[in-house]
Amino acid sequence: MKLTKTLMTLGLASAMMMPFTACEQTQRENPLLQESALPFGAPDFSQIQVTDYMPAFLQAMEQKRESIQAIVDNTDSATFENTILAYEESGRLLDRVSRVFFALTEADKTPEIAEIEKTVQPLLTELENEMSFNKPLFERIKKVYDNNYASLQGEDKKLTEEIYKDFVRKGALLSDDKMERMKEINLRIAELQQQWGDQLQAAVNDAVVWVDKKEYLAGLSEADIAQCAKDAESRGGKAPYAIVIVNTTQQAILTSLDNRDLRKKVYEASIHRADGTNSHNNYAIVSEIAKLRAEKAEIMGYPNYAAYSLENTMAKTPDNVYAFLKSLIAQYTPKADAETKDIEEYARKTAGDDFNLEPYDRFYYSAKMKKELLNISEDEVKPYFNVDSVLINGVFYAANRVYGLTFKERTDIPTYHPDMRVFEVIDKDKSKALFYTDYFRRPTKRGGAWMDNFLEQSHHWNQTSIVYNVCNSAKAPEGQPSLLTWDEVTTMFHEFGHALHSILSDCEYQKLAGTNVARDFVEMPSQFNESFASIPEVFDNYARHYETNEPMPANLKERMLSSINFHSAYALGENLAATCLDLAWHMLPSKDIPSAEEAAQFETEALRQIGLLNDQIPPRYRTSYFNHVWGGGYAAGYYSYLWTEVLAVNIADVFAQRGALNPQTGQDMRDKILSRGNTGDLMKMFSDFTGMEQPDASGLLRARGL
């Protein structure tokens, strides 16, 4: 997932400035306000203090205001240079401060960072409103678009188009009364998303399942039991062991737990983490955000938020998305039913003829079937998936073979947390970018995995990418290796695919660079990069035993790779269900948005109507903890994971035809897609590389073994 938290720029209420005046910084220079002396301009976390952020935000916001006012006050006729380019250049300092700060709000949100976020977010939203509805500013932008657009070339033309359309979509052409209401909506949504993030993180942390006795953990490996002990210690030690809840509905630990009562407790802790059955209830936030989004769309002249949101995507309309999803559902449903029947029949062989399979049993018995039929288990392969080997000998190895990149670890560049590592990316003997990793979970980090930038590539600013990947794998106790599941291995490859999109960017303007593309295209490079994880040459290079460094034996490797798509209907079904929930909420007019009390029933009915109400295959994220949609930038857009998987499968087929690790194919991919950001038509980029006029969706089910 690419982190899509909006780094909103602008606006500042002078009355709110008083508690955070610059006088607090009299003893030292604020490092956030200085050009970093580190390589690539990397943020100097060894010098940045928590108290630096608020003064830096205030000064950067004021600088942004001054830059915008200079554009407005310019008496010369509006041109690309004095208006569009000047707008692109404004707020560079604010962008830099925001990127550093919001990295921490996601990955290391201490109480101090959380308090600053509560203060700064309204200021940023107010400033964003001030810019979005600045009529003199928009008049100049519109003049350039109306009078000069046709004569502009290349990225200058694309930048003009994107900036103009951004303003229009935010409401620059609205009447004064509608503008005022849009400002109110923007402020309230920002406030609610702040609350959502705080409440969800608290809910996940409180959903920990405490375990009193080691015997209750029967079925887990000794390494997993040690991890439970470590997690208990790091979360206050209320019991000797703790099972930590991850962000998705199903929990991987259910694969191994023999204790059915404990499996049930873990599953219910997951699905009820924020639905009001405990002290956390996110439904009120969901209902209000959905209502405000629907109203926003209506003000803009659309029937619902989905129609408004999808206009600037490859899919274009909700009808196109639904047509795509319904074709998958029709093909998926019989396979899912057959899969469930097989698992239940298998379970009854040992649990009795009257045994009814529950969702917390599915992973457990599926794993047993997998072991019996394919002679493979997670515990058997995990010793070959050491996180360090997966990174260096897998993720980096594939990038070297395909794109010619090499990676040099930099221990001289400070990070915001000791678990992080930094690598210099070298391309044809020239420094290309910096890449940070932050792979291990902790209580201050939200769930999931994502990519973002401390700095985004731009030739105009002579700026290279500084990229980071964040995951939530368990860090082993001291002295033990951190071993991964196969899902965690592919997650590392996935997030690095996003990183490559930024690292290989070759664009003039930051706004068009790297991952700044349509939501239903941005996941394509990451989905595609997952394919390298199972390519034999790459797999053999990283799948090595953590003690002996011996490669995975051929027999085990064959069994492991052949098992990847075992019972794969589940993964597709949970994604389809979450996607349809997202769309169901955002297809409603504002008057029909369910209340907080109605939200749970609405979820049930939405799944029933689309044919995905299935206790055995619940949504990957239920409404009350669907962070992509309510806290991130994927509202009416979660479908993009499946949409881009089709693109990724089509591209992987091209690589397979030409040689999976063929450097020339990699160069072609780089030249036609990865380097180009949003500088051209995205479908044309896809077609130029694949030779296909349209994506072929049939490849998705084939790739999933369905």
Side-chain angles (χ1 to χ4, degrees), residues 247-251 254 267-268 270-272 274-275 283 286 290 304-306 310 315 317-344 356-363 366 520 523 565 567-588 592-594 598-630 634-646 697-698 700-701 703-706:
N247 63 321
T248 54
T249 294
Q250 276 288 14
Q251 304 294 305
L254 298 181
Y267 179 77
E268 291 188 342
S270 175
I271 64 171
H272 294 306
D275 65 1
Y283 282 140
V286 166
N304 51 60
Y305 187 80
L310 289 168
T317 69
D319 286 347
N320 289 339
V321 175
Y322 271 117
F324 168 67
L325 294 174
K326 287 177 180 177
S327 69
L328 290 178
I329 292 170
Q331 298 173 74
Y332 145 85
T333 301
K335 298 178 185 297
D337 292 343
E339 185 174 291
T340 298
K341 182 181 178 182
D342 286 347
I343 297 172
E344 186 168 62
N356 292 317
L357 190 73
E358 298 292 344
Y360 47 83
D361 298 318
R362 188 184 190 93
F363 278 19
S366 175
D520 55 4
E523 294 296 335
N565 285 324
H567 285 168
S568 58
Y570 182 93
L572 178 57
E574 66 169 356
N575 196 316
L576 283 167
T579 295
C580 291
L581 275 184
D582 169 29
L583 286 171
W585 277 99
H586 292 106
M587 286 293 289
L588 298 173
D592 293 338
I593 299 295
E598 297 167 333
Q601 184 60 31
F602 173 76
E603 175 178 296
T604 299
E605 287 304 312
L607 292 174
R608 190 193 314 278
Q609 289 175 18
I610 199 72
L612 291 171
L613 184 61
N614 185 340
D615 288 342
Q616 277 296 313
I617 306 181
R620 184 170 175 83
Y621 306 99
R622 304 193 79 155
T623 297
S624 59
Y625 49 92
F626 204 162
N627 189 62
H628 288 75
V629 169
W630 307 114
Y634 282 71
Y638 194 70
Y639 78 92
S640 61
Y641 283 95
L642 291 172
W643 184 278
T644 54
E645 187 176 347
V646 171
S698 67
L700 187 149
L701 292 175
R704 286 178 175 256
L706 295 172

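Residues satisfying the side-chain hydrogen bond (donor to acceptor under 3.5 Å, both in side chains) test with Q251, not counting sequence neighbours, are S270. With sequence neighbours left out, N356 forms a side chain to side chain contact (heavy atoms under 4.5 Å, CB included) with E344, R348. With sequence neighbours excluded, the residues satisfying salt bridge (charged side-chain N to carboxylate O under 4.0 Å, His left out) with E605 are R608. Evaluation of the ring pair (Phe, Tyr, Trp, His ring centres under 6.0 Å) rule for F626 yields Y621, Y638 as partners, not counting sequence neighbours. Every side chain to side chain contact (heavy atoms under 4.5 Å, CB included) that A599 has, sequence neighbours left out, goes to Y283, W585. The side-chain hydrogen bond (donor to acceptor under 3.5 Å, both in side chains) check on Y267 picks up nothing, with sequence neighbours excluded. Partners of E339 by side chain to side chain contact (heavy atoms under 4.5 Å, CB included), not counting sequence neighbours, listed by chain and number: I343, R362, H567, A569, Y570. In this structure A697 satisfies the side chain to side chain contact (heavy atoms under 4.5 Å, CB included) test together with F324, V646, sequence neighbours excluded. For D275, the salt bridge (charged side-chain N to carboxylate O under 4.0 Å, His left out) test picks out no residue, with sequence neighbours left out. With sequence neighbours left out, N575 forms a side-chain hydrogen bond (donor to acceptor under 3.5 Å, both in side chains) with T579.
The closest donor-acceptor contact from the side chain of Q250 to the backbone of A571 lies at 3.5 Å or more, if one exists at all.
Here the shortest heavy-atom pairing between P619 and T249 reads O-OG1, 2.7 Å. Across every non-hydrogen atom of S568 and R704, the tightest pair is OG-O, 2.6 Å. The nearest pair of heavy atoms linking A606 to A584 is CB-CB, 3.7 Å. Listed here is the closest heavy atom pair of A306 and M587: CB-SD, 3.6 Å. Here the closest heavy-atom approach between residue A330 and residue P334 is recorded as O-CD, 3.4 Å. Between L325 and C580 the shortest heavy-atom distance is CD1-SG, 4.2 Å.
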Walk me through it: do Y634 and N627 pass the test side-chain contact (heavy atoms from CB on, under 4.5 Å)? CA-CA 9 Å; Y634 282 71; N627 189 62; over 6 Å; no
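Residues V286 and F602 fail the side-chain proximity criterion, which asks for heavy atoms closer than 4.5 Å.
With values rounded to the nearest 0.5 angstrom, L612 atom CG is found 9.0 Å from I617 atom CD1. Going from atom CG of L581 over to atom OG1 of T623 covers 4.5 Å, rounded to the nearest 0.5 Å. Taking CG of L357 as the reference point, atom OG1 of T340 lies at 7.0 Å (rounded to 0.5 Å). To the nearest 0.5 Å, atoms CG (L572) and CG (L700) are separated by 6.5 Å. Rounded to the nearest 0.5 Å, atoms CG (L310) and CG (L583) are 7.0 Å apart.
Listed by first and then second residue, the side-chain hydrogen bond (donor to acceptor under 3.5 Å, both in side chains) pairs that reach into residues 318-334 are T317-N320, sequence neighbours excluded. For residues 574-586, the set of pairs meeting the salt bridge (Lys or Arg N to Asp or Glu O under 4.0 Å) definition, not counting sequence neighbours, comprises E574-R620.
Side-chain contact of Y639 with D520: a donor-acceptor pair under 3.5 Å is present, judged by distance alone.
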